[in-house]
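We count residues from 1, following the sequence as given.
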Amino acid sequence: MKGAIHVRDEYDFTNARKNPYLGKLKKQITINVSNSTIDYFKEQSEKKGIPYQTLMILYLNDCAANKRDLQVTTEG
């Protein structure tokens with residue numbers, strides 16, 4: 001058959017190198033976020049034209065990349 005792709009039944013990956021991007025993969029998590037925080041990012045998303053989840057991820061990535069020292073306070 002002209003142009004047909006032949007696939008082997010088995011492949012040997014013994015000498016395959018490790019995926020260099022493995023550590024950069026994303027991991028799906030579930031977190032509880034207050035309504036006011038979600039509303040804030042939704043307002044920002046309308047101004048910026050970016051989905052609010054993307055803005056939240058960009059903000060978190062920026063904090064991690066710049067090793068921001070978090071100021072944590074507990075609500076009474």
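A 4.5 Å side-chain heavy-atom check between Ile57 and Lys26 finds every atom pair outside the cut-off.
Interatomic distance, Gln53 CD to Ile38 CD1, rounded to the nearest 0.5 Å: 9.0 Å. Between the CG atom in Leu60 and the CD1 atom in Ile31 there is a gap of 7.0 Å [rounded to 0.5 Å].
Placement of Phe41 and Leu70 in two distinct hydrophobic clusters is found when ILVMFWY residues are connected by side-chain heavy-atom separations under 4.5 Å, directly or transitively. Under the 4.5 Å side-chain heavy-atom criterion for ILVMFWY residues, a single connected hydrophobic cluster contains both Val33 and Leu55.
For Ser36, the side-chain contact (heavy atoms from CB on, under 4.5 Å) test picks out Ser34, with sequence neighbours left out.
Side-chain N or O atoms of Asn66 include one that pairs as donor or acceptor with a backbone N or O of Asp62 at under 3.5 Å.
Under the side-chain hydrogen bond (donor to acceptor under 3.5 Å, both in side chains) criterion, no residue pair touches residues 39-52, with sequence neighbours excluded.
Heavy atoms of other residues, nucleotides or ligands lying less than 6.0 angstrom from CG of Asn35 number 12 at most.
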